[in-house]
Amino acid sequence: MSGTIIKISGPTVLARGMEQTRMFNRVAVGKTGLLGEVIRLRGSEATIQVYEDTTGLMLGEEVADAGEPLQVELGPGLLGTVFDGVQRPLNVIAAQYGDWIARGLTLPALSRDRRWAFTPVARPGTAVGGGTCVGVVQETAKIEHRILVPPGLSGTLSKIEGGAYTIEEPVAWLDGHGPLTLLQCWPVRTSRPVAERLPPVVPFITGQRVFDMLLPLASGGTVIVPGGFGTGKTVVEQTLARYAQADIIVYIGCGERGNEMTEVLTEFPHLKDPATGLPLMERTVLVINTSNMPVAARETSIYTGITIAEYYRDMGYAVALMADSTSRWAEATREISARLEEMPGEEGYPTYLASKLAGFYERGGRVRCLGEPDRQGAVTIVSAISPPGGDFSEPVTQGSIQAAGGLWALDSDLAHRRHFPAINWKRSFSLYTHALDPWFQTQVAPDWPQLRTELAALLQKEEDLQEVVQLVGIDAVPDQERIVLEVSRLIREEYLRQNAYSDIDAACPLGKQYWMLKAQMEFLAYCQAMLKQGRPIEQLLASPLRSELERMKETPPDDCIQQARTMIENMQQEAQA
Ligand SMILES: Nc1ncnc2c1ncn2[C@@H]1O[C@H](COP(=O)(O)OP(=O)(O)OP(=O)(O)O)[C@@H](O)[C@H]1O
C-alpha cells in the first residue's frame, strides 16, 4: 500500500492516499526509501516523521507502508553494538561504508551472517508459553543470551535442535505457530509484558556513598539527575555504567553537540569492566544520537533503548538504563509537536509532555518475568536532565520529578568548588529509602538506617550552625558546636566527595561505606566526650585520628574496614576511661 507526498516540512511529511495505514506504522518515504513513522492520521492523509534528512525529497514521490509498526530487532549480537535511534548499527556501517551514512541506507540491526552456537534447554514435546526459555547462546564471554518464546505465542515444541545458527534460521518449531528463531522483533513504543511487577526492596548498588547511603535507588527504580552545564551529569552516568551492580548496561546518548557523543564513542570501547577485567562493551548496548541527526531519530532513541533493556530484563537480568540526557529527547518532542501545529503547552513543549515522560519511567521496574523458569529481572533508569540555565522549574525537570522515584540534584556551586559528585542533598530525595531499609539492615548492618538518619541530621545541624557563624563569627561559637562544624566538614569532604578517577575510591563497596561513616560519626562522639573531660579543641583537631579518617577513602576496602573497627574500639575505650 502506498501514498503520495503532498507536503514536506523539515523532517515531517504529509502523504495522501494512506487510508489503509495505521498509527505508528513504518513507512519508506520517497525514491530513496527514507525511514519514517506515521504519527498522525486524518482521513486519507498521514503525517509521517522521517528519521533521515529530507533534503531533495520532492512532492509527488511515493510513500510505501510496511504494514507494521517501527520495531526493534532483538537477539544475539546486541551487546557491544553501537546503534543510532532507529537501531542502525553505526559501528557496522562505519566499517562497511565509512563514517557517513548515505540517505536511505538500511542495514539490519543484527548480523544476518554470523552463526551462534545454540544449546537447547527445553525438550521436544514440552508445552511452552510466551517468555519461556527454550535455549541459550553464549553472546559474550560472561553473558548468556536466553532465547525466549516471543510474548503472545504458546504451543508444544515439536522439534528443537542444538547447533550453529544464524539469527534467521529456525532453531525450534512450535506446533501451530511454525519455527522459532534466535531473532524476534518488538514494537518500540509498546512495553514488553511481564508476569508480575515486584516492590522496590532490593537496592541498585552504585558504589557512590552519597547515593547508596543518603539517597538510595532501588533495582528497578527510576531516578533523575538534573544539573546545569558542567555539573557532572555525564560523569555520574558513566561512573554508574562502570561500577553499579548491573548485569547489562543500555546507554542512550542523546547529545547536544556532536563531540559529546564522540567522547562516548571513543571512550566506551576502551573501558574495562571492573568486575571481570573484560571490555565493558561486552555487557553494554549503546544507542547514540547527536543533535545533527534528524530530530525524530532522537525521539525514538529513548524507546529503542528501553525496549532493548526490557528484552534483557525478560531473560532475568538486572539492566541499568542510562539516558544522557532526556532533555534532548523532550526537545525533540517539542520540535515535532510544533511541526504538527499542535497547541503548545508550557515553554512550547507539547501539552502531553508529562504523560510522555511518565510513560517512559513506567517502563522501569523489577519484575517476575513471563514464562519458565521462574526468574526475576529489572530495568533501573538513571536519567540525566539538562535544564536550561540550571533552572529546575522548567517543564522537563518538573515533569520528570513527578514521574521518577528519586531526584539526585546536581548543584553548580558544589561543582565550582570541585565537590563531586555535586549532589545537593537538601534538594534531592529518594522515595525508596524506607522500602530498602530491611535489605540494608540484613545484608550490611542492622543500624544502617540509623546511621543514615544521624548523617542527615548532622548535615542539617551544620547548615543551621553555619548561619549562626555568619552572624557572630566562628570565635563566638562554643567548642561543642565548633566540633560539630569540623566533623561535618570532614564527612562532607571525605565521605560524600568521591573522585570518579581514583583507582581505589571510584567505587566504594557497601561494607566500606558503612564502616567509614561509622568511624567518622564515632569521632564526633569521641571529640564531644573529650571536650567534656576538658581536652582542648585544638588538640582534638590536630589528632592523628583525624588524618587517619581523612586517608580512609583511599584505603582498600578490607583494610579500611579493619582500621575503622580498631579506631572505633580505641575511641570508645578512651572516651570511657
Ligand atoms: N565524580 C567526579 N569526580 C571527579 N571529577 C568529576 C566528577 N564529576 C564531575 N567531575 C568533573 O566535572 C567535569 C564536568 O562533568 P560532566 O562532563 O559530567 O558535566 P555535564 O553536566 O555532563 O556537562 P554538560 O552540561 O556539558 O553536559 C568533568 O570533566 C570532571 O572534571
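Remember, it's 1-based here, ligands and their atoms both numbered in the order they're listed. Note that these values count all heavy atoms, side chains included, but never hydrogens, waters or copies made by symmetry.
Residue Ala500 has at least one heavy-atom neighbour below 4.0 Å for each of these atoms of ligand 1: 1 (N), 2 (C), 3 (N), 4 (C). Ligand-side atoms of ligand 1 in range of Phe229: 25 (O), 26 (O), range being under 4.0 angstrom from any heavy atom. Within the listing of ligand 1, atoms 9 (C), 15 (O), 16 (P), 18 (O), 19 (O), 20 (P), 21 (O) sit less than 4.0 angstrom from a heavy atom of Gly232. For ligand 1, the atoms lying closer than 4.0 Å to a non-hydrogen atom of Asn499 are 3 (N), 4 (C).
For Arg418, every heavy-atom contact with ligand 1 shorter than 4.0 Å involves the side chain, none the backbone.
Residue contact check for ligand 1: Gly228 places a non-hydrogen atom closer than 4.0 Å to it. Residue contacts with ligand 1: Gly227 is excluded, as none of its non-hydrogen atoms falls under 4.0 Å. Residue contacts with ligand 1 do not include Gln208, since none of its heavy atoms lies under 4.0 Å from the ligand.
With no hydrogens or angles considered, a side-chain donor-acceptor pair links Asp464 and Gln460 at under 3.5 Å. Side-chain contact of Ser383 with Thr326: a donor-acceptor pair under 3.5 Å is present, judged by distance alone.
Ion pairing between Arg489 and Glu494 fails under the 4.0 Å rule for side-chain N and carboxylate O.
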Between Asp84 and Tyr51, does a side chain to side chain donor-acceptor pair (under 3.5 Å) hold up when you go through it step by step? CA-CA 10 Å; Asp84 74 359; Tyr51 296 117; over 6 Å; no
Enumerate, atom names and distances included, each donor-acceptor pair closer than 3.5 Å involving a side-chain atom of residues 349-360, sequence neighbours excluded.
from	atom 1	to	atom 2	distance (Å)
Tyr352	OH	Glu342	OE1	2.8
Ser355	OG	Tyr352	O	3.0
Lys356	NZ	Glu299	OE2	2.8

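Not a single N or O atom of Tyr501, backbone or side chain, sits closer than 3.5 Å to an N or O atom of ligand 1. At least one N or O atom of Val235, backbone or side chain, sits closer than 3.5 Å to an N or O atom of ligand 1.
Residues Arg363 and Glu310 have side chains in contact (heavy-atom distance under 4.5 Å, counting atoms from C-beta outward).
For Lys553, there are no side chain to side chain donor-acceptor pair (under 3.5 Å) partners at least two apart in sequence or on another chain.
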